[in-house]
Protein chains: 2
Amino acid sequence: MSDNITAIHPSWEIIHGDALKVLREFAPNTFDAVITDPPYASGGRTQAEKNKSTDKKYSSMGESAPPPFDGDSKDQRSWTRWAAEWLYDARKVCKPGAPVCMFIDWRQLPAATDALQWAGWIWRGTAVWDKGNSRPQKGRFRQQAEYIVWGSNGDMPISRPVPCLPGVFKYGNPQNRIHLTEKPLQLMRDVVKITEPGGHILDPFAGSGSTVLAAVLEGYSATGIEVTDAYAALSRERIERELAQGA
Amino acid sequence: MSDNITAIHPSWEIIHGDALKVLREFAPNTFDAVITDPPYASGGRTQAEKNKSTDKKYSSMGESAPPPFDGDSKDQRSWTRWAAEWLYDARKVCKPGAPVCMFIDWRQLPAATDALQWAGWIWRGTAVWDKGNSRPQKGRFRQQAEYIVWGSNGDMPISRPVPCLPGVFKYGNPQNRIHLTEKPLQLMRDVVKITEPGGHILDPFAGSGSTVLAAVLEGYSATGIEVTDAYAALSRERIERELAQGA
DNA sequence: AAGCTAGTTGAATCCCTCG
DNA sequence: TCGAGGGATTCAACTAGCT
């Protein structure tokens, strides 16, 4: 399938398959960047459940020293392990110095920085996507931002031909989303610019294909991996359609 | 000293002393919120960088540099433990449901969320302070934001008489700062509004006193603790001066 | 328009170890 | 005792958009 797609579109492909399996089939030094929006919580508890269990757990703590780690993190722990696995495999097929960008929400951000570093990437910072339009909550701060945890595969020379990039991006959520977590295209066009010009970008969780589309629009080549058959097909159609419109 | 100050200013005081010691002298249920900006100790990766005193670390600011401040030179392990300790002690003197807000930078954010939860607070989210200007980094995302890790002492009823608050605050750094890490006053005026009207706010790391000043300006009472003699005095002068100007 | 940036980089230097 | 090598540390140059 990927050969066929590659033949038609030399600069991009969407591979249908599981990220962990597909990643191991690439050769080392294949990619210049990893830019992706992984599933945020494979266990998927609600915030209320998390708060309740946390509350119960720590109300019994009394005067003694705090426990070493949050006990309601069983789901989070397995998420972290899983993330470390694919981050490791992704790093292994990247060139030295390649940047990595991972979208994440506030709750998984600490787990994401752990996983990134466990996988051998150097964590270099956190950029912010200000969504602007989240639902207000009385008596609370709005959760109106998502985060881009980013780093590099070893040293990242300041001499790379890449300009300075902003640290906060403000874009509203797109209308008519194909995928539930689809990011604004302009946001992705901004973020992929962390890659060296003309580089080959990997997105192991392609979803609706925004990263791949943005990469091609900005002059990069890109490989997306998507496990859900329907999204792999939908994203291919979307990218072809939007590239045809733009051309 | 605090008695004297309290007598003159019924709604605020700055106590000169170490946070861990002073916190243990308050009675339970004294405070309605903790809002603070602790030392980040986010200096470099090497031991020596962490051991640097703040005046050396920020020597590039020249003669106009503010006096050094205490507590910015811990490694990440001891910083996390230390933060969990004062967060725990602070929670013990707060009312049930009291909110906590802790400023932190990107590097220490995972450690801060750990410490907050170890201390028994429920972590409820992360708000963003967009500083707007920061050092640009060629080929990198700017580190242009600091974070406000926030939570509550147990359940936090939605019925509290507090409106919805933004999740991203954009304010430039103030001019003519007393303290190296002084926050914009308007930012602090926005953040203290997480407290119930008329409540008593605690800031264990008062620094230049922005939290206390903002709290009083917004109709709260406030207690600040500051370990550095010079800043305890400077902040008292500043708050008196600015309150007199405003009145 | 000038001045700022809770900094970062890489090269030079220093120091200690080992053959 | 010397020199090579590696790790630790210091230092000055630097960056570009925002206020």
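Chain letters run A, B, ... following the sequence lines, proteins first and then strands; every chain starts at 1.
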* Proximity of B:W150 and A:F141 rings by center, below 6.0 Å -> yes
* Asked: Rounded to whole angstrom units, what separation is found between the CG atom of A:D155 and the P atom of C:dT9?
  -> 9 Å
* To do: Among C:dG10, C:dT5, D:dT19, find the nucleotide with the atom closest to the side chain of B:K170.
  => D:dT19
* Taking atom C1' of C:dG7 as reference, at what distance in whole Å does atom CG of B:L180 sit? -> 12 Å
* To do: Let me know the distance between CD1 of A:I122 and P of C:dT8, rounded to the nearest Å.
  => 13 Å
* Look at B:N173 and C:dA6 and indicate whether a side-chain polar atom (N or O) is within less than 4.0 Å of OP1 or OP2. => yes
* To do: Check whether any side-chain N or O of A:N173 sits under 3.5 Å from a backbone N or O of A:K131 as a donor-acceptor pair, and report yes or no.
  => no
* Asked: What does A:P157 touch in the nucleic acid at a heavy-atom separation under 4.0 angstrom: a base, only the sugar-phosphate, or nothing?
  -> sugar-phosphate
* Is B:E182 salt-bridged to B:R238, going by a charged N under 4.0 Å from an acidic O? -> yes
* Asked: Mind checking who C:dG19 pairs with, Watson-Crick or G-U wobble, both distances under 3.5 Å?
  -> D:dC2
* Asked: Which is true for B:E146 with a 4.0 Å heavy-atom rule: it touches a base, it touches only sugar-phosphate, or it touches nothing?
  -> base
* To do: Go ahead and name the base partner of C:dA6; Watson-Crick or wobble counts if both distances stay under 3.5 Å, otherwise write none.
  => none
* To do: Check every strand shown and say whether B:P38 touches a base, only sugar-phosphate, or nothing at a heavy-atom separation below 4.0 Å.
  => base
* Using the P atom as the reference point in each nucleotide, state the distance between C:dA6 and D:dC11 in Å, no decimals. => 22 Å
* Asked: Is the shortest distance from a Lys or Arg side-chain nitrogen in B:E85 or B:R24 to a carboxylate oxygen in the other one below 4.0 Å?
  -> yes
* To do: Please lay out, stage by stage, how A:Y147 and A:F103 fare under the test ring-ring contact (aromatic ring centres under 6.0 Å, His included).
  => CA-CA 6 Å; A:Y147 303 92; A:F103 281 83; over 10 Å; no
* Asked: Rounded to the nearest Å, what distance is computed from the CZ atom of residue A:R160 to the P atom of nucleotide C:dT9?
  -> 12 Å
* Asked: Any side-chain N or O of B:R135 under 4.0 Å from OP1/OP2 of D:dC18?
  -> no
* **Distance below 4.0 Å between B:R140 side-chain N/O and C:dT9 OP1 or OP2** => yes
* To do: Please report, rounded to the nearest Å, how far the C1' atom of C:dA6 is from the CG atom of B:L187.
  => 14 Å
* Structure fact -> Comparing nearest nucleotides in DNA chain D, the 5'-proximal residue of the pair B:P136, B:K131 is B:P136
* Would you mind reading off the distance between B:I148 atom CD1 and C:dA6 atom C1', rounded to a whole angstrom? => 15 Å
* Asked: Taking OP1 and OP2 of C:dT8, is either one under 4.0 Å from a side-chain nitrogen or oxygen of B:R142?
  -> no
* Asked: Which nucleotide in the set D:dA16, C:dC4, C:dG10 lies at the smallest distance from any side-chain heavy atom of A:I158?
  -> C:dG10
* Looking at every strand, decide which applies to B:N176 at a 4.0 Å heavy-atom threshold: base, sugar-phosphate, or nothing. => nothing
* Comparing B:Q137 and B:G172 on DNA chain D - which has the more 5′ nearest nucleotide -> B:Q137
* **Gap between atoms CD and P, on B:Q144 and D:dT19 respectively (whole Å)** => 9 Å
* Test item: A:W123 side-chain N/O and A:V149 main-chain N/O as donor-acceptor pair under 3.5 Å -> no
* Protein-nucleotide distance (B:W106, atom CH2; C:dG7, atom C1'), rounded to Å -> 11 Å
